[in-house]
Protein chains: 4
Amino acid sequence: MNTRGRIIKAAKRLFAEKGFDRTTVDDIVRAAGIAKGTFYLHFSSKEELIKEIAMMAMPFMAFSSVLRNTNAYERLEDFLQALGESFFEYYSDIDLRILFFHVVSIKEAIPSLKEIHNRLCSELIAEGTKRLMQFVDGDKKKAEVAFRTFLGSLLHYLYSGGCSTISQREYLRKLVQMIVKGLD
Amino acid sequence: MNTRGRIIKAAKRLFAEKGFDRTTVDDIVRAAGIAKGTFYLHFSSKEELIKEIAMMAMPFMAFSSVLRNTNAYERLEDFLQALGESFFEYYSDIDLRILFFHVVSIKEAIPSLKEIHNRLCSELIAEGTKRLMQFVDGDKKKAEVAFRTFLGSLLHYLYSGGCSTISQREYLRKLVQMIVKGLD
Amino acid sequence: MNTRGRIIKAAKRLFAEKGFDRTTVDDIVRAAGIAKGTFYLHFSSKEELIKEIAMMAMPFMAFSSVLRNTNAYERLEDFLQALGESFFEYYSDIDLRILFFHVVSIKEAIPSLKEIHNRLCSELIAEGTKRLMQFVDGDKKKAEVAFRTFLGSLLHYLYSGGCSTISQREYLRKLVQMIVKGLD
Amino acid sequence: MNTRGRIIKAAKRLFAEKGFDRTTVDDIVRAAGIAKGTFYLHFSSKEELIKEIAMMAMPFMAFSSVLRNTNAYERLEDFLQALGESFFEYYSDIDLRILFFHVVSIKEAIPSLKEIHNRLCSELIAEGTKRLMQFVDGDKKKAEVAFRTFLGSLLHYLYSGGCSTISQREYLRKLVQMIVKGLD
DNA sequence: TATGAATGAGTCTTCATTCAT
DNA sequence: TATGAATGAAGACTCATTCAT
C-alpha cells in the first residue's frame, strides 16, 4: 500500500476511536509508520484528511450502488431489502459507523464539510424519495416520510447496535415488512 | 440567574455551535461574563461540565414525562403521538439537537460519558418496547423494531431537518400512521 | 487553641509534608478548619507564614537552652552530650527535621529569609566555637572545625536517619567520643 | 552543545538560583534560547528534568571516582583526604551545592526522586563504611558513625560555607586529623 | 519523496489574594 | 473577627505546521 493509503487507513482507525479532534497528526504518523513531515506531502492540512475520511462515512456511499441501478426492482419490498443489505454491508466496517456520527458532530465547526454533508444528505433523500414514489402512487410527502423513516431506523440501528440483541437480518426484515405494510 | 446557571447556559450554546473540543474554557467564561478561576469553583474540569450538558441532550430526557405516565394512553396512536410531541417540544431547543450528536460522537473518547449514554439508551429502548408491547399482543421483537424505528425516524428528522420542507407536525402524523398501520 | 495557632499547626504539618511551594493556602485553611479570608486576617501573606515557621526549624532553636547555660559544663564530653541531647529532643518532632531542609532550600528564593537564616547560622557557629575554645586551649580554628563537624554530623543523622539502623543514643555517644578523642 | 545539553545547563543554573518549583519551564527555555515546544521534545515533563539534574547533585557522584578505586589507599588519612578533595572538586560548581539541598527538600514531594535519593544515600554510606572498616579493625558501627560524621561535616561546610572564613583546604586537613585521631 | 527537530500560539488548570457581606 | 465567591495572572503542557537536510 502506498504512503497516502497508509495514512488514510491509520487515520480512519484512529478517528473512529478518538474522534477527529482528539487524534493528533502525531498519532496518525506513528500508526502509519511514517515521519511527521511526510504527512504534509500528502495532505495540506489535517482538515483536508478529515474531509476525505468524512466523505467515506456518509450513508450516501452506502446506498450508491443500489441507487445507480435504476428501475431494477419490481416490488417495494425488494427495493428496501436491497437498500438495507447494501447499507449493512457498507457499515460492516465498524469504524465507519462511529465515523458517521463524528461527521455529524464536527460538520458544525467546518463549513466546507457541512456543505458537502448537506448536499449528499439532500441528494440521498431526493433520490430515495423519487424511487419510492414509484411504489406509492405519487404521494411525495408520504414517500419522503417513509424513506426518511427507513433511513432513520437503519441509522438508529447502527447507533444503538450495542443496546439490543436483534440481529441485523431480522431487524431489516421486520423493518421492511413494517414500512411496506405501513405504506399500503 | 446564579453563576453556575450562567456557565451552563453559555456552555450549552457554545458546545452546540462548535462542539465540545473546539469550545475553550475561555470561550465559556467570556460568554458567561465571569473570570476564568470562577469556572473551576463550579466545575472541577471542563469534562465535568461536558457530562452535565451531555445528559441534557439525551433523548431519554425528551420522553421522560410521557414514559412516567403509566397506562395513560388507550390507543397506540395516542401513545406514539404523545411521545412524538414530547420529543419535538423538548428538542425545540435547537442547540439540544446538535448537542445530541456531539454526545454520540464524543462518548467514544470519554469512558464515563459512554457509560451514562449506553445506560440511558438501553433504558429508553427497554421501557419504550415494554409500553409498545401492550399494543402488539406481546411480540417483543416486533415491538422493539417498531420502537427503535419510531425513535430513529424522529432522530433522523432532527438530524436532517435542514434538508427537507415537511413540517414537524406533518412528519409526525405520517410517521405515526405508518407505524400503526405497519404493526397492524 | 486560637485561630492563629491552628493555622501554624496545620501549616507546619503540611509544609513538612509537601514543601512550602506545593502547599496551598487552600490546603492550610482546610486543615485548620477556617475560611480562606480568615487566613489573611492573621498573616498578611503566605510568605509571612513561611518565615514564621522557618524560624522554628532552625538548629539554633535546638541548642538555645544549652547555649544560654553559660559555663555549666565542666568537661567537653558533658557539653557535647548536652548539646546532642537537646538537639535530638528538639528534632524529635519529625516535621521540624524536614522543615529545616526546606528552609535551606527556599532561602535562596526569599531574601529576607536568607538574611535571618545566615544570621542565626553565624551566631550559632560563633557561640558554639567560643564555648568549645574553653576545652581546646584557645585554638580557634580547631574549635570551629570541631563544632561544625559535630553539628554537621547531627544534621546528617537527621537527614539520613532512614538509611541506617544505629540508634540516636548510640550515634551520639560514639560521635562525642570521637570528637573528644580527636581534639585531645 | 546540543539542545538537550543547553536545556540542562540552563536549568541547572536556574534551579540552583530559584529552586525547582520557582523556576518555570518558560524561564528555562528563555535561558536556553529555545522554543517552549522544543523543551518537551527532550523531556517528557519538568519533573523528568528535575530528576536528571537531581542525580547530578547527589554526594554519591562526588565520591564515585574515589570509591571505584578499590584498595588504592594505604593509610586512613590518605583515603579521607582523597574523598574530601574529590568532594570539594565536584562541588566547586557552586550551583551543585545548593542543588543538593533543593533535592533533599523536594524529595518528600516527588516519590520517584525520593526513591533515587534514598538508594544513592544508602549505597554511599554502605560503601563508605565498608572501606573505613579496613582501617578500624572491623568495628562496623564505629566505622559508620565516622563515615557519616565525615560526610556530614563536609556537607555542613557546603551549607554554611558563607558563614565562616576557614578555607576548604584547612577545613579538610583539620577534619581528617580529627577523624583519624578520633578513631585511633 | 522522506525525515524529524524546532516552533509558538493556544489550552486547561492552579492559586495567592481581595472584598462585599 | 469570620466568611467564601470571585478574580486573573501565571504555569505546565499540547499540537498543527514548517523547513533544513
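Every heavy atom of this structure was used, including side-chain atoms; hydrogens, water molecules and symmetry mates were not. Order of the sequence lines fixes the chain letters, A, B, ..., with proteins taken first and strands second; residue numbering starts at 1 for each chain.
Here K36(D) pairs with D26(D) under the salt bridge (Lys or Arg N to Asp or Glu O under 4.0 Å) rule; sequence neighbours left out. Scanning for side chain to side chain donor-acceptor pair (under 3.5 Å) contacts around K51(B) gives E48(B), S112(B), with sequence neighbours left out. Residues passing the side-chain contact (heavy atoms from CB on, under 4.5 Å) test with A16(B), sequence neighbours excluded: D95(B), I98(B), L99(B). With sequence neighbours left out, the salt bridge (Lys or Arg N to Asp or Glu O under 4.0 Å) criterion links K107(A) to no other residue. Residues passing the salt bridge (Lys or Arg N to Asp or Glu O under 4.0 Å) test with K46(D), sequence neighbours excluded: none. Residues meeting the salt bridge (Lys or Arg N to Asp or Glu O under 4.0 Å) test with K9(A), sequence neighbours left out: none. For R4(B), the side-chain contact (heavy atoms from CB on, under 4.5 Å) partners are N2(B), I8(B), H42(B), F43(B), E52(B), not counting sequence neighbours. Looking at residues two or more places apart in sequence or on another chain, you find a side-chain contact (heavy atoms from CB on, under 4.5 Å) between A31(C) and A10(C), L14(C).
The aromatic rings of F100(D) and H117(D) lie parallel to each other, their planes meeting at an angle below 30°, with 60° marking the opposite boundary.
Taking for each of T23(C) and R22(B) the nucleotide of DNA chain E with the nearest heavy atom, the 5'-most of the two is the partner of R22(B).
A distance of about 13 Å separates the C1' atoms of dT1(E) and dT21(F), rounded to the whole Å.
Listed in residue order, the members of residues 1-16 of chain C having a heavy atom less than 4.0 Å from DNA chain F are T3(C). A heavy-atom distance below 4.0 Å to DNA chain E is reached by these residues of residues 25-47 of chain B, ordered by number: V25(B), K36(B), G37(B), Y40(B), S45(B), K46(B).
From the 5' end on, the contacts that DNA chain F makes with chain C at under 4.0 Å to a non-hydrogen atom open and close at dT1(F) to dA6(F).
Aromatic rings from F60(B) and Y90(B) are positioned such that their centres are separated by 6.0 Å or more.
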- Could you summarise the pairing of DNA chain F as dot-bracket text, marking Watson-Crick and G-U pairs under 3.5 Å with ( ) or [ ] inside the strand and | across strands? .||||||||||||||||||||
